[in-house]
Every structure is written in structure tokens, then in C-alpha cells.
Amino acid sequence: MPTLYGRDDREDTETIPFFGSAAEAVDLPKYKLNQEPLTPTGASRLIQDELLDEGNARQNLATFCQTYMEPEAVKLMAMNLDKNGIDKSEYPRTAEIENRCVNILADLWHAPKGEKFMGTSTIGSSEACMLAGMALKFRWRDWAKEHNVDPHAKLPNLVISSGYQVCWEKFATYWDIELRQVPMEPGELSLNPSNLNQYLDEYTIGVVGILGITYTGAYDDLAALDQVVATYNQTNDTQISIHVDAASGGMYAPFMQPDIKWDFQLPNVVSINTSGHKYGLVYPGIGWVLWRDEKLVPEKLIFNVSYLGGSMPTMAINFSHSASALIGQYYNFIRLGFDGYKEIHQRTHEVAAYIVTEMQKTNRFDIINDGSGLPVICYKMNANAPEWTLYDLSDRLLMKGWQVPTYPLPADMDQTIIQRMVIRADFGMNMANDFIEDFKQALLDLDSARVLFHDEEAPHTYGFTH
Ligand SMILES: *Cc1c(COP(=O)(O)O)cnc(C)c1O
């Protein structure tokens, strides 16, 4: 007699077909523990079935996060799931691998020879941004003390484009900072350097430049921001510095746009973060933050952990986590090398260009970001707009499994509704072709569809946009 959830008192439980077992005859409690254990196959089967109708990650064109890794990498990562990445004394080799990755990034980002860079892995860019932001805040506090600026008279502020990613809002909330937003303007979808001056004062802990604004994929002009900050510091005896949020661009631009100056080549850029799980091509769970010189990291941020009988400085908000994503990052670094990353990104870029060309042929959209920088395509309806909206188009694409988010731009441009596609390494030309076919069919279907129109559709976000 099979007991509950597929357990069986007979010896050969293997012979019971799963869909003939009790596990499929009983509704498992969802919000409290089931009393009896399930068989491993039964538990796995039930969960797989539960997840069946969830979006297919490879067709998710909303996310920057990596959705493919080579089987060798996956195996390696699975083999290392049991290692605690924070435990440097138990896993000194893993600590050395982290150290190598930091060095590789410092090299890619032109850390100056005369300075001693410092960096760490994190869970993602959000944790990295918290650390970088705190370093700015602590340094500003020291500066304020030396310059007789009362640190409590006003909230310290951080200046950033209104197209910031939500982690900066968290940073400001958690650490009592005024997030001073430079609004996006029509035709200016990155932080306008000529507007920057008016946002700076003696309570400014730093300026964040974004290499790949989440909303549109556009790059802030870091070289120009660096100039404005340099001049401001000179005239005002301040030490305002720049952090670059290169979550998506940090492992793209060095390969594809080596001529753009955005990194430690700029004297006022003190720290940079990136997400290994975006264009670093690793599954989610890995980010990086580097400072150009260790003296920019306040001692208060550094905690010493024991390491082979000695002590090793660490910076982290999270403590225990698996080392597997870190191992995955190192795998990609040595497996791909500089040329491998470049080839992959080059192909991704070509796919983005192809999609833009096909989209332009439809004569329905104004392209806002054409993927010539980061391979992110972003567009709005043009003047030939039919009665249906981009929200309807998102719906229609979803019928074929494609997730393409529609949302309004941030403050001051929030009447502009856009659709955005993030092109990633695993979205090859063949998949792109399929997508374009579905896309064109969706336009035809919508043109001849019978849908109920409402006079006004309030701008809202449809789909996950980060
Ligand atoms: C994705 C992103 C983040 C957050 O990164 P996570 O790695 O998801 O924590 C921060 N800033 C920008 C610009 C991003 O694109």
C-alpha cells in the first residue's frame, strides 16, 4: 500500500509510476510542513511541475542577468556549492581565486600603477554599491570634520541621474543620505554634465556616474563629469569624488569600447562596481567593487578575519554565502580570456543591431537607445501610433513566451512610455530571427485584433525592469 506522497512499503518503490503514486493523488500542504518525507524523485517532480508555467529565462528580454552558462561551468559551480565564500581560512584557494579576479578587473579598469587598488567580491552590484557608498560617506565625514562643516546640520547628499537603479534608493534610505537626482531630459537620457555643478555643495559625499542606465542602457559621460568635479573641487576646496555604477557596462565597455574613458583613467573616479552576473556572464550571485587605492577605504569598513593563522581584511555586508558564483566568474575569465569576452559581446552587439534594423523597417517606433553602446534596445511608439499600446504589444509577445517590459521613463519624462530589450550572449542570431518573426506577427495581430480600448491608460510598469 503506498502511503502518503509516494512512500511505499513495498521494496521496489522504483516500479511505481510517479503519476500513479500517492504523491500525485494528494494535495501537498503549501504553507506548513508535510508530515511525512517524500521520495527525492517525488519532491523534485512536484516542484518542477509547480514551476512549469513560469517564464522561460532565455526568453526573458527584460533582465540583464545571465541566463546561460556552459555545462562545464555549471558542474564546477555545483561542485563548489558547499564552500562558504566568506570562510577564507578554511578555503584559502578560493580566497586566492577571488584575489585573482580583483586583479583581473583592476587591470581591465586601468588601476594606476602608482596606487594600491583594493576590492572584493559581493553578492551583486547592490551590495557593492552599498560598500562604495559607505566609503564615500565615511570619507566625507572626515573631510567635514577637518573643514568645520557640521556633519549633523544637514543630510549628506549623493548626486545621481534620476535613471538610477533602485539599490541607490536603498543606500540613501538605509544610511540617511539625500539622493539628489539630476532629472533626465528629452534628448538627454544620461546625467547632463552641464547641469551637475548646481547639485554639488559641501554636503555632497560623491557623484555616481552610471555606465549603463538601467532604464535605457545609455552611458553617463564620465569624462565630462570628471572635469566638472575637478573644477568644482579646485574652486571650492572640496574633495568630491566619483563612483561609477558599472553594473552592466563594467564588463562590456572594456572589450567593446576601449576608447571611452570612464574608469580609473579618470583621476576623480575612486571606485567602480560591476555585476559579474550581467555582462560578466555568470549566473546570479556575483558582483564586484574596487577602489583605486586602499587609502580610499575607511578603516571602519574593513574587518579582519583569521586567515591561515594570520589575518585578512574583508569588506562585506553579507556574511555566509556559497563560493560557487565566484568560482563561475573565474571559470569564465580563464575560459574566455580577453578575446573570448570580446567575441561574445561582439556577436551580442550584432544581434542588437539586427533587431534595431528590423524594428525600424516596421516604421512604428522611435528608437531611443539603438544598442550601439550597451546592447540594450529601447524604443517608443512613433507618430504613426495605432490605437493599441506598447502594453498590448508586451502582452502579445508574452503569448509566444517573450518577456519584454513596458514602462514609463523616470521623473520629468514619465509621460514617455518605452519598451526595452536587453540582448544577452545566449540570444543568438537564430533566436533573434524567431523573435523578429513573432514581433512582426504581433504587430499584424494587434492591427487586426478586436480589443476593448480605454481612452487613457495610465503609465505603469509592466514587467521586471532591472
Ligand atoms: C543591475 C543594476 C544594479 C543592481 O545590481 P545587482 O547585481 O542586481 O545587485 C545596480 N545598478 C545598475 C546600473 C544596474 O543595472
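All residue numbers in this chain count up from 1 along the given sequence. Whatever order the structure lists ligands and atoms in, that order sets their numbers, starting from 1.
- With hydrogens and angles left out, the side-chain atoms of N273 and W288 include no donor and acceptor closer than 3.5 Å.
- Of all the heavy atoms of S125, the ones lying under 4.0 Å from any atom of ligand 1 are found in both the backbone and the side chain.
- Short contacts between ligand 1 and G124, defined as distances under 4.0 Å to a heavy atom of the residue, involve ligand atoms 7 (O), 9 (O).
- In this structure, K342 is not positioned above the aromatic face of F255 in the sense of NZ or CZ being under 6.0 Å from the six-membered ring centre and within 45° of the axis.
- In this structure, E127 has no heavy atom closer than 4.0 Å to ligand 1.
- Geometrically, R141 engages F138 in a cation-pi contact, judged by NZ or CZ lying under 6.0 Å from the ring centre and within 45° of the ring axis.
- Every heavy atom of G287 sits 4.0 Å or more from the atoms of ligand 1.
- For H277, every heavy-atom contact with ligand 1 shorter than 4.0 Å involves the side chain, none the backbone.
- Put simply, the side chain of S271 never gets that close to the backbone of L290: no donor and acceptor are under 3.5 Å apart.
- Heavy-atom contacts of G212 reach the following atoms of ligand 1: 13 (C) (cutoff under 4.0 Å).
- With 3.5 Å as the limit, one finds no donor-acceptor pair spanning the side chains of N332 and Q329.
- No side-chain donor-acceptor contact under 3.5 Å links N268 and S241.
- Taking only nitrogen or oxygen atoms, main chain and side chain alike, K278 reaches within less than 3.5 Å of ligand 1.
- Listed by number with element, the atoms of ligand 1 under 4.0 Å from a non-hydrogen atom of S275 are 5 (O), 6 (P), 7 (O).
- Taking a cut-off of under 4.0 Å to the non-hydrogen atoms of T214, the atoms of ligand 1 that pass are 12 (C), 13 (C), 14 (C), 15 (O).
- Side chain to side chain, Q239 and N233 fail the donor-acceptor criterion of an N or O pair below 3.5 Å.
- Atom numbering of ligand 1 starts at 1 in the shown order; those under 4.0 Å from a heavy atom of C167 are 10 (C).
- Set against the non-hydrogen atoms of Q165, the atoms of ligand 1 under 4.0 Å away are 2 (C), 3 (C), 4 (C), 10 (C), 11 (N), 12 (C), 14 (C).
- Both the backbone and the side chain of S126 come within contact range of ligand 1, each with a heavy atom under 4.0 Å.
- For the residue pair N56 and N60, no side-chain donor N or O sits within less than 3.5 Å of a side-chain acceptor on the partner.
- If you look at I210 next to ligand 1, the close heavy atoms, those under 4.0 Å, all belong to the side chain.
- When only modelled atom types and interatomic distance are considered, Q419 and Y407 share no side-chain donor-acceptor pair under 3.5 Å.
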